Colleague: 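Got a structure for you, questions after.
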Amino acid sequence: METQKSIPSLILFLLLLFTNSFALQIPKVHTREPCRRLVYYFHDIIYNGQNSKNATAAIVGAPAWANKTILAGQNHFGDLVVFDDPITLDNNLHSAPIGRAQGFYIYDKKDVFTAWLGFSFVFNSTDLKGSLNFAGADPLMNKTRDVSVIGGTGDFLMARGVATLMTDAFEGEVYFRLRVDVKLGMTNNI
Amino acid sequence: METQKSIPSLILFLLLLFTNSFALQIPKVHTREPCRRLVYYFHDIIYNGQNSKNATAAIVGAPAWANKTILAGQNHFGDLVVFDDPITLDNNLHSAPIGRAQGFYIYDKKDVFTAWLGFSFVFNSTDLKGSLNFAGADPLMNKTRDVSVIGGTGDFLMARGVATLMTDAFEGEVYFRLRVDVKLGMTNNI
Amino acid sequence: METQKSIPSLILFLLLLFTNSFALQIPKVHTREPCRRLVYYFHDIIYNGQNSKNATAAIVGAPAWANKTILAGQNHFGDLVVFDDPITLDNNLHSAPIGRAQGFYIYDKKDVFTAWLGFSFVFNSTDLKGSLNFAGADPLMNKTRDVSVIGGTGDFLMARGVATLMTDAFEGEVYFRLRVDVKLGMTNNI
């Protein structure tokens with residue numbers, strides 16, 4: 001009698017055990033909450049022939065009709081810019097940089113500001129060592145735009161995710177500041 | 001007696017439950033069927049000094065021995081081309097574009113046509129919003145060649161996979177059309 | 001009586017079964033041992049105006065203050081170099097190449113040698129077919145530095161991981177040799 005009563009409870013217990021263990025250890029496939037989130041700013045000062053001391057970026061490729069000290073007409077189509085920009089935790093250019101944003105952008109559209117980005121965030125402090133690598137299209141006139149985290153090293157080993165870029169400020173065609181909201185470890189949409 | 005008979009069935013039941021649940025929820029590791037497949041065409045018209053209205057691409061970097069209106073000798077080695085090309089569902093340049101292919105290619109070999117590609121497919125319609133990012137070597141003389149999907153955003157959040165490129169048509173050194181067969185969500189070979 | 005004794009063993013048996021099956025089939029999340037490891041060398045000979053026969057790389061973009069036959073001052077800041085370099089199994093430039101390293105680097109910092117890399121290892125032998133794609137920051141003055149494996153095709157389908165670069169030798173500003181230790185299939189740090 002005792003035994004016969006206990007068998008349904010045993011099934012229930014094992015089912016619960018199974019279900020719970022499973023739920024704890026297998027990530028849900030359709031959640032999109034990131035595991036880790038980082039918000040940074042970076043600051044780009046483009047060389048214009050007169051600011052070589054402060055410049056953090058320079059035009060190194062340009063189309064046939066342009067030169068390398070003035071961003072080209074037609075929405076800078078064809079300008080390739082290389083940069084080594086300070087990363088800060090707030091929106092102040094003069095805050096102590098916590099790393100460098102290094103890479104390039106290349107304006108790729110004639111009728112509107114749009115660029116293609118390939119760059120890294122490089123960290124080398126006692127708190128944070130390693131890099132995050134990014135690539136993707138940057139339709140600059142959109143308030144926010146997403147690029148992919150294509151990998152990471154060190155503290156960001158094998159990182160994946162998305163970074164949302166927002167132009168936080170700009171001054172003429174020399175200075176701009178980007179706010180970057182990095183969301184790592186998200187699950188996919190496929 | 002009743003109880004003793006039921007125990008083997010219980011084991012069997014739980015084993016089946018376990019096995020089935022497991023099989024349903026854990027992807028098999030060596031399957032290579034993509035979860036999602038997309039076939040598109042994109043159309044590249046390189047600026048040649050005379051076609052600025054129609055051109056969708058321009059040479060913006062060139063080696064010391066070349067210029068930016070004619071693709072360089074030695075299989076265009078060293079030419080960096082930036083593009084913003086229409087994507088269509090069929091092979092007709094004049095079909096309504098469903099998105100833009102934006103990025104660059106850079107010819108990287110002296111003795112045969114070969115390029116390195118970094119680009120995105122950018123979609124912004126009611127049906128499809130987001131981007132797919134690609135990178136990889138493109139040995140143009142091979143009938144098909146594979147580049148990597150290195151990430152995605154929006155409807156393609158965190159996409160991974162492979163894109164098979166095929167030169168579908170070309171006219172002199174000004175126009176070419178690529179067929180792209182994107183296979184997303186494949187499992188790996190490592 | 002018999003039945004009552006067997007129930008605890010049944011629970012134990014099922015628990016063990018569950019635990020073991022689980023352990024065998026789900027990879028541990030925090031292990032960082034790569035599944036596959038490859039060590040290669042590649043050899044870069046930069047065009048300097050006189051070595052066009054041997055050169056495997058050329059400057060194709062440069063800042064306003066520089067040209068394309070001599071690497072620029074200020075730690076080559078702004079120079080974009082495209083390459084098609086032989087990959088060898090040992091550190092001898094004249095060993096039979098087993099593939100090609102193809103892509104670009106772009107010096108991106110004024111006060112120290114640092115570059116941003118986008119490139120592929122391309123294999124097309126009977127033993128090995130496919131490609132590995134890489135991107136990331138390369139602070140050249142560090143003894144070792146890591147870039148990301150951002151994807152792979154063919155035998156490296158969907159590869160992910162990290163490649164550790166080391167400058168193995170250099171001669172003036174014309175030749176350098178990199179040792180690359182590719183670690184694939186690592187788990188992440190996020």
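Please read these numbers as outputs of a predicted model, since none were measured by experiment. Lettering of chains follows the sequences in order, A, B, ..., and the numbering in each one begins at 1.
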Colleague: Against chain B, label Ile150(A) side chain, backbone, both or neither, depending on which of its atoms sit under 4.5 Å from a heavy atom there.
Modeller: both
Colleague: Could you tell me the separation between the CE atom of Met158(B) and the NZ atom of Lys183(A), rounded to the nearest 0.5 Å?
Modeller: 12.0 Å
Colleague: Between atom CD1 of Ile106(A) and atom CZ of Phe83(B), what is the distance when rounded to the nearest 0.5 Å?
Modeller: 9.5 Å
Colleague: Looking at Gly103(B), Ser131(B), Ala135(B), which makes the most heavy-atom pairs under 4.5 Å with chain A?
Modeller: Gly103(B)
Colleague: Please look at Ser52(B) and chain A and tell me whether the side chain, the backbone, both or neither of the residue comes under 4.5 angstrom of a heavy atom of that chain.
Modeller: backbone
Colleague: For the side chain of Thr153(B) and the backbone of Val147(A), is there at least one donor-acceptor N/O pair under 3.5 Å apart?
Modeller: no
Colleague: Evaluate Asp79(A) against Val60(B) for side chain to side chain contact (heavy atoms under 4.5 Å, CB included), listing each step before the verdict.
Modeller: CA-CA 7 Å; Asp79(A) 280 338; Val60(B) 301; over 6 Å; no
Colleague: Within the 4.5 Å heavy-atom criterion, are Asp84(B) and Thr114(A) side-chain neighbours or not?
Modeller: no
Colleague: Please examine the side chains of Leu80(B) and Leu80(A), heavy atoms only from C-beta on, and report whether any two atoms are closer than 4.5 Å.
Modeller: yes
Colleague: Side chain from CB out, backbone as N, CA, C, O: work out which of these in Phe77(A) comes under 4.5 Å of a heavy atom of chain B, or both, or neither.
Modeller: side chain
Colleague: Would the distance check show the side chain of Lys109(A) and the main-chain N or O of Thr56(B) forming a donor-acceptor pair, the cut-off being under 3.5 Å?
Modeller: no
Colleague: Can you name the nearest heavy-atom pair linking Lys68(B) to Ala64(A), along with the distance?
Modeller: CB-CB, 3.9 Å
Colleague: Say you draw a straight line from CZ of Phe134(B) to OG of Ser148(A); how long is it, rounded to the nearest 0.5 Å?
Modeller: 10.5 Å
Colleague: Can you tell me which of Ala62(B), Ala58(B), Gly61(B), Gly49(B) forms the most heavy-atom pairs within a distance under 4.5 Å of chain A?
Modeller: Ala58(B)
Colleague: With a 4.5 angstrom heavy-atom cut-off, could you sort out which part of Phe121(B) is near chain A: side chain, backbone, both or neither?
Modeller: neither
Colleague: Measuring centre to centre across the rings, with the benzene-like ring taken for any Trp, is Phe104(B) within less than 6.0 Å of Trp116(A)?
Modeller: yes
Colleague: Any idea which heavy atoms bring Ser120(B) and Ala137(A) closest together, and the distance?
Modeller: OG-N, 3.4 Å
